[in-house]
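Here the structure is laid out as structure tokens; the discussion comes afterwards.
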Amino acid sequence: MKHIEQKILSRVTSFEANTKEEAVAYFAKLWHSRIAFEKHVKKRLDEGVISDEYDYLQKTIECLAKADEYILAAYEKSWDRLRYASNGDWFVIFNEDGIILTSHKKDETKVPFEQKHAQLGAKLQKGKVDEKFREVFKSIQAKLGKL
Amino acid sequence: MKNLEKFLKAYRLNLENFDLDMFLDDVLDIPHQVAFLEANIEALNQEQREEFFALNKKLAELLRSTDPKNEMQKKALKLLLDVCSHEVKEGHIAA
């Protein structure tokens with residue numbers, strides 16, 4: 001789990017932005033591709049859970065800044081997924097390379113992460129999120145608040 | 001019922017964005033959505049029921065036409081086929 005966390009942090013520690021557009025452009029690079037990011041934005045807009053790209057960025061960073069619990073779904077092959085949750089209402093899921101796979105609001109139409117991946121044969125490991133991890137995202141959240 | 005509309009919308013959006021590379025975690029919610037709608041089919045109005053059947057037909061087409069690129073996608077597709085096979089078949093007939 002620590003190695004994935006380190007990869008996530010290495011991708012965000014250099015975060016700098018002078019405008020909301022720059023912040024969104026940086027955020028998009030945390031995803032597999034710009035297209036993947038845009039498709040997720042469109043879907044979350046259609047779901048009515050975000051108001052725009054910047055709101056998506058803020059909700060994702062807020063989740064990571066407040067994350068109290070993580071769940072690692074470990075696979076024999078290289079499909080590991082790491083899920084962070086904050087206050088139980090927003091989730092961010094990374095792959096083993098520290099790339100964001102998805103970021104979404106919790107609702108009853110979705111299957112719990114652990115149930116979903118247990119069905120696919122993953123071994124689950126739960127734990128408390130390190131304060132140092134949260135601090136990095138709290139610092140990004142503070143920068144976003146000034147834009 | 002508000003909940004039924006919510007499940008129907010979630011199912012619709014998952015099919016509109018059916019992509020195992022970009023939305024695998026979302027795609028894995030489909031069996032739960034289908035099961036909920038199937039269990040509450042009597043509560044669906046005619047329009048909602050028709051949409052549900054049409055979505056089931058679309059799901060059947062997507063499952064037939066999607067080639068998994070790795071073992072994880074293969075497992076996910078198998079899960080969808082196992083859980084949804086009855087509903088997909090029923091939907092196919094009804095649509």
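Numbered from 1 within each chain, the chains take letters A, B, ... in sequence-line order.
Leu80(B) and Phe7(B) end up in the same hydrophobic cluster when Ile, Leu, Val, Met, Phe, Trp and Tyr side chains are linked at under 4.5 Å. Both Leu9(A) and Tyr70(A) are members of a single hydrophobic cluster when ILVMFWY side chains are connected at heavy-atom separations under 4.5 Å. Linking Ile, Leu, Val, Met, Phe, Trp and Tyr whenever their side-chain heavy atoms come within less than 4.5 Å puts Leu24(B) and Tyr11(B) in one cluster. Under the 4.5 Å side-chain contact rule for hydrophobic residues, Val34(B) and Leu77(B) share a cluster. Linking Ile, Leu, Val, Met, Phe, Trp and Tyr residues whenever their side-chain heavy atoms come within less than 4.5 Å places Val49(A) and Ile100(A) in a single cluster.
For the salt bridge (charged side-chain N to carboxylate O under 4.0 Å, His left out) test, residues two or more places apart in sequence or in another chain that qualify with Glu135(A) are Lys138(A).
For Asp19(B), the part lying near chain A is the side chain, with the backbone staying farther off; criterion is any non-hydrogen pair under 4.5 Å. Both the backbone and the side chain of Glu108(A) come within contact range of chain B, judged by heavy atoms closer than 4.5 Å. Residue contact with chain A, scored on non-hydrogen atoms closer than 4.5 Å, involves the side chain of Asn17(B) exclusively.
We find the CG-NZ distance between Leu28(B) and Lys110(A) to be 11.5 Å, quoted to the nearest 0.5 Å. Atom NE2 of His117(A) is separated from atom NZ of Lys75(B) by 12.0 Å, given to the nearest 0.5 angstrom. Expressed to the nearest 0.5 Å, how far CD of Glu47(A) lies from CG of Asn14(B) amounts to 7.5 Å. The CD atom of Gln119(A) lies 10.5 Å from the CG atom of Asp82(B); values are rounded to the nearest 0.5 Å. With values rounded to the nearest 0.5 angstrom, Lys39(A) atom NZ is found 9.5 Å from Asp21(B) atom CG. Atom CD in Glu76(A) sits 11.0 Å away from atom CD in Glu71(B) (nearest 0.5 Å).
Heavy-atom contacts from other residues, nucleotides or ligands closer than 6.0 Å to CG of Leu147(A) number more than 12.
Ranked by heavy-atom pairs under 4.5 Å with chain A, the first of Asp29(B), Asp26(B), Asn70(B) is Asp29(B). With chain A as the partner, the residue from Gln33(B), Glu16(B), Met72(B) showing the most heavy-atom pairs under 4.5 Å is Met72(B).
A salt bridge does not link Asp46(A) to Lys9(B): none of the charged nitrogens lies less than 4.0 Å from a carboxylate oxygen.
Using modelled atom types, no side-chain atom of His32(B) and backbone atom of Pro112(A) make a donor-acceptor pair closer than 3.5 Å.
Taking all atoms of both residues into account, the shortest heavy-atom contact from Lys116(A) to Asp25(B) is NZ-O, 2.7 Å.
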